[in-house]
J.: 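Here it is, the structure in full.
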Amino acid sequence: MSHLENLLEFLRIPSVSANPDHKADVERAAGWLEAKLAGLGFAAEVIPTPGHPIVYAEKMVSPSAPTVLIYGHYDVQPPDPLELWHTPPFEPVVRDGRIYARGASDDKGQVYAHIAAVENLGAELGVNVKFLIEGEEEVSSMHLEPFVRANRERLKADVLLISDGSMYAPGVPSLEYGLRGLVYMEVQLEGAARDLHSGTYGGAAPNPVHAAAWMIARLKGEDGRILVPGFYDAVRPLSEAERENFASLPFDATAFARSIGADALPGEPGWGALERTWVRPTLDVNGIWGGYQGEGSKTVIPAKAGFKFSMRLVPDQDPHAIREAVTAYLHQILPEGYRMNILYHGIGKPVVTDLESPPMRAAAQALEQTWGRKPVFTRAGGSIPVVADFQELLGMPIVLLGMGLNDDNLHSPNEKFDLECFEKGIQASEKLLRLLAQG
C-alpha cells in the first residue's frame with residue numbers, strides 16, 4: 001500500500017484514550033504500529049502500562065552510527081460533537097487536497113510521516129532509529145514519565161525528534177524551540193446543603209455561582225495581568241534578539257483576530273499578540289458551572305458551583321510553585337460562607353531548546369531543502385509536558401519539527417492534515433535522517 005493508504009488505515013482505528021469504551025481500539029492501534037514497524041525490520045513491542053500501552057521499536061544499523069529517538073502518540077481526542085463533522089471522524093476522506101479524520105494531524109499523520117521516511121530510505125538508512133509512541137498523550141501522559149525514567153539507558157540517543165505541532169503558516173517551514181508549561185486546576189464551591197428557593201432564601205443564603213464569579217474576577221485585572229502574588233517573579237526576560245525575531249515574522253493582528261471570529265485581541269499591555277501567546281504566562285478560565293441550565297426559568301439558589309482554569313507558564317516558572325501560590329491565593333479570596341474543594345489536573349514544565357545544536361541546524365537544512373526556503377524559528381503557546389521530562393531525564397538535544405497547520409482543527413470537529421504537509425513532512429524527515437547520518 002502507499003503511504004497515504006497506510007495512514008488512512010491507521011486513522012480508521014478510533015483510539016480515543018479518554019473514553020474507556022475505546023480501550024480495545026487503543027490497544028488495536030498499538031498493535032497496528034507494532035506490526036508496521038516490525039515489517040520494516042524494527043525490533044518492536046507493545047509495552048503495557050497501568051493505562052494504555054506504549055509502542056517501542058528500534059532498528060540499529062551500526063554501533064558507530066548516530067541514534068535518533070522519535071517520539072509521538074497514537075491516541076486521539078474524542079470526536080464530539082459528532083453532528084458538526086462533515087464526514088464521520090473515523091472514516092477518513094481525502095477532499096480538496098486534505099485528509100479529514102480525527103488524528104489526521106494530531107498526531108497520527110505526523111508520526112506516520114517519520115515511519116514513511118524510514119521506509120523510503122530502506123537499506124540507505126544511515127542512523128539508528130528508535131520509536132517511542134505512546135497512547136496517553138491526550139490524557140496527560142501519566143505513565144510515560146515513569147517509563148522514561150526506568151528506561152533511560154534503553155532510550156539513549158543523540159537527538160530526540162518530535163513532530164506534534166504546526167508550521168508557522170502555510171508554506172512557511174518552522175522549527176519550534178520553546179513550549180509553555182501548564183498548570184490546570186478546578187475549584188468546587190458549596191454554599192447551602194441543598195438548592196434553595198430564591199424568593200424564600202434570596203438575600204440571606206450563600207450563592208456559589210456568585211462566589212465563583214467573584215473569585216474569577218479576582219484572578220486577573222482588567223488589563224489582563226494575573227493578580228496572584230508572585231506569579232511573575234520567576235519569568236525569564238525576553239531577549240532583544242528574540243523580540244527582533246518575532247517582529248520579523250509575518251503577522252497581521254487584524255487577520256489573526258478575523259481568523260478566530262474575534263473583534264479584538266485583549267491581553268497584557270506592552271506585549272504583542274505573538275509574544276502574549278508564546279512567551280508570556282497566561283491564566284484562562286476554561287469552564288464554569290452551577291445552577292439551572294434548562295429552558296425557561298427556575299428560581300433557584302444553587303447549592304454548588306465551580307470553575308476550571310488553566311495557566312500556561314514560561315521559563316523559569318516552576319509549575320509546582322505556581323500551583324502552591326495559586327492555591328494559597330484561592331483560599332485568600334474565598335468569600336465567607338462557602339466551602340471549597342480544589343482539584344489538580346494537568347501539570348507540566350516549560351521548555352526551551354538549544355537553537356544552535358547540530359541536530360537543530362541539520363533540521364533547518366532539511367526543511368530548507370524540502371520547502372525551498374529557510375525555516376523560521378518560533379515558540380509555541382501550547383504544552384507538551386513530556387518534552388520537559390525528556391529534557392530532564394535524557395539530556396539530549398531536542399528538535400521540534402511541526403508538520404501541521406494552525407487551522408488543522410486540532411481537538412475540534414473536521415480535523416484535517418494537508419496532503420502537501422504530509423508529503424513534505426516525509427521528505428523533510430528523510431532528508432534530516434540523511435543529514436544526521438553524515439555527522
J.: Does a salt bridge link E268 with R280, judged by any charged N lying under 4.0 Å from a carboxylate O?
T.: yes
J.: Partners of S259 by side-chain contact (heavy atoms from CB on, under 4.5 Å), sequence neighbours excluded?
T.: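 Per chain and number, S259 pairs via side-chain contact (heavy atoms from CB on, under 4.5 Å) with F256.
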J.: My understanding is that only one of L160, L161, L175, L179 makes a side chain to side chain contact (heavy atoms under 4.5 Å, CB included) with L400; could you say which?
T.: L179
J.: With a 6.0 Å cut-off (strictly less than), is the heavy-atom count around NZ of K349, excluding the residue itself, greater than 12?
T.: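 No, not enclosed.
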J.: Do the rings of H22 and F90 sit parallel, tilted or perpendicular, given the 30° and 60° boundaries?
T.: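 Taking F90 first and then H22, their aromatic rings sit tilted (interplane angle of 30° to 60°).
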J.: For Y344, does the six-membered ring have the charged nitrogen or CZ of R323 within the cation-pi criterion, i.e. under 6.0 angstrom from the centroid and within 45° of the normal?
T.: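 So R323 does make the cation-pi contact.
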J.: Start with the C-alpha distance between H52 and S17, add both sets of side-chain angles, then the distance that settles side-chain hydrogen bond (donor to acceptor under 3.5 Å, both in side chains), and finish with yes or no.
T.: CA-CA 7 Å; H52 298 305; S17 54; 5.1 Å; no
J.: Does one side chain, of S141 or E134, offer a donor that lies under 3.5 Å from an acceptor on the other?
T.: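 Their side chains do contain a donor-acceptor pair, which is all the 3.5 Å distance test asks for.
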J.: Yes or no on ring pair (Phe, Tyr, Trp, His ring centres under 6.0 Å) for F10 and W32, after CA distance, side-chain angles and deciding distance?
T.: CA-CA 7 Å; F10 190 22; W32 188 93; 4.6 Å; yes
J.: Between the side chains of Y56 and E58, is a donor N or O closer than 3.5 angstrom to an acceptor N or O?
T.: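 A donor-acceptor contact under 3.5 Å links the two side chains.
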J.: Between Y71 (side chain only) and S163 (backbone N and O only), is there a donor and an acceptor less than 3.5 Å apart?
T.: no
J.: Can you confirm whether the side chains of Y177 and E242 place a donor and an acceptor under 3.5 Å from each other?
T.: yes
J.: Sorted by first residue and then second, give each side chain to side chain donor-acceptor pair (under 3.5 Å) pair with at least one member in residues 306-318; sequence neighbours left out.
T.: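 Sorted pair list: R236-D316, N286-S310, R312-S383.
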J.: Tell me whether K23 at atom NZ has more than 12 heavy atoms from other residues, nucleotides or ligands lying less than 6.0 Å away.
T.: no
